[in-house]
Amino acid sequence: MKKKNLIMILLIILVIIILGLVVYFLKQKENSNDVNQSKQNYYIVDGAIYEKLEEVNENTIKNNVKKINNIFENHLNNMNVYFSTIPSKEYYLDNENSANNEFKYMENMIKSELNESIKYIEISDTLDLTNFYKTDMHWKQESLAKTVEKLEKEMNVESTELEYEKETLGDFYGTYYKELNDTTIGPDELIYLTNSMIENSTVYNEEKNIQEPVYNLPKTEETNNKYDVFLSGATAIQEIENKSINNGKKLIIFRDSFGSSIVPLLIKDYGEILLVDIRYVNSNLLSNYIDFNEYENQDVLFLYNSRVINKSGIFR
């Protein structure tokens, strides 16, 4: 009897081990399929990595613009409000291709859905493929002079011309490179522009209740993403104080990750810039964190990449 029980116990253990191995290998296969599927979303053209574009979703765009209109109507109707869409780099592969036409279609839809008191600023004509990293989706800060100039002009900003020094963090392997993992693609170089005004400005992180620099070099080591040097990466609410000027000008920017690298180039125009990312803070609770009365007659810019506007449920 004892021998029978021992055999039964051993059989049960064997079955458990076999089932465990089956589950493990099925999981490995599933993960492998996920990786392969992820890789299929990317492709290479002339030594640069691109991501396949999703079809324009009219309902998603309408819902996202409606969220923006609600913010305007609830908080911003006594301010100068602007909206601009950053095209994904895929739209610049061929000016005559269907993707380019899709962006124009998307942009026209956004314009038609926006509250008529919000001025739309087209910036697609200030950009081309050279403005974007080849291993990442983002634009290069050092090549945004035309875009900044266009925004300033359309927002009636009396711009102060300043010189910048180029600093480099060396080789930059962006998100696309990490997703595709194709070692035939060489790295980008991550360059950031600075001067004494930027270096004297401070960034208050509302979420962490700490003060940070405009360019946060230690953050890049923490996250292993050099793009996070720009304003410390994704953050719900930040306030930049420009200690070099006192012109009474304030700007609110509702932004995604593209805003991180262009905002430092707008510091020269404002004494204060408030950054809001409604991907991380509920738009219905904004008045709990922001006293909008302090921004009467000031400037507001909604600045979003086209992928964000075309993504369902992205805004809270």
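Side-chain atoms of F254 and V300, non-hydrogen and from C-beta on, do get closer than 4.5 Å to each other. The side-chain heavy atoms of F103 and V56, taken from C-beta on, include no pair separated by under 4.5 Å.
There is no side-chain donor-acceptor pair under 3.5 Å between Y270 and E241. No donor-acceptor contact under 3.5 angstrom links the side chains of T223 and N225, judged on distance only. Side-chain atoms of S306 and S88 include a donor-acceptor pair closer than 3.5 Å.
Looking at D256 and R307, no side-chain N of the basic residue comes within less than 4.0 Å of a carboxylate O on the acidic one, giving no salt bridge. At a threshold of 4.0 Å, the pair K250-E296 does not count as salt-bridged, since none of the basic side-chain nitrogens sits closer than that to a carboxylate oxygen.
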N/O donor-acceptor pairs under 3.5 Å from side chains in residues 231-239, not counting sequence neighbours:
| residue | atom | partner | partner atom | Å |
| --- | --- | --- | --- | --- |
| S232 | OG | E212 | OE1 | 3.3 |
| S232 | OG | N216 | ND2 | 2.9 |
| T235 | OG1 | G233 | O | 3.3 |
| Q238 | OE1 | R255 | NH2 | 2.7 |
| Q238 | NE2 | L231 | O | 2.9 |

For residues 274-281, which side-chain donor-acceptor pairs fall under 3.5 Å, sequence neighbours excluded?
| residue | atom | partner | partner atom | Å |
| --- | --- | --- | --- | --- |
| D277 | OD1 | R279 | N | 3.1 |
| D277 | OD1 | R279 | NE | 2.9 |
| D277 | OD2 | R279 | NE | 3.3 |
| D277 | OD2 | R279 | NH2 | 2.7 |

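In this structure, OH on Y295 lies 4.0 Å from CD on E272, to the nearest 0.5 angstrom.
Among all heavy-atom pairs drawn from T175 and D136, the shortest one is N-OD1, 2.8 Å.
Taking the six-membered ring where the residue is Trp, F230 and Y215 present perpendicular rings, their angle passing 60° and hence far from 30°.
Aromatic pair Y42/Y50: centroids not less than 6.0 angstrom apart.
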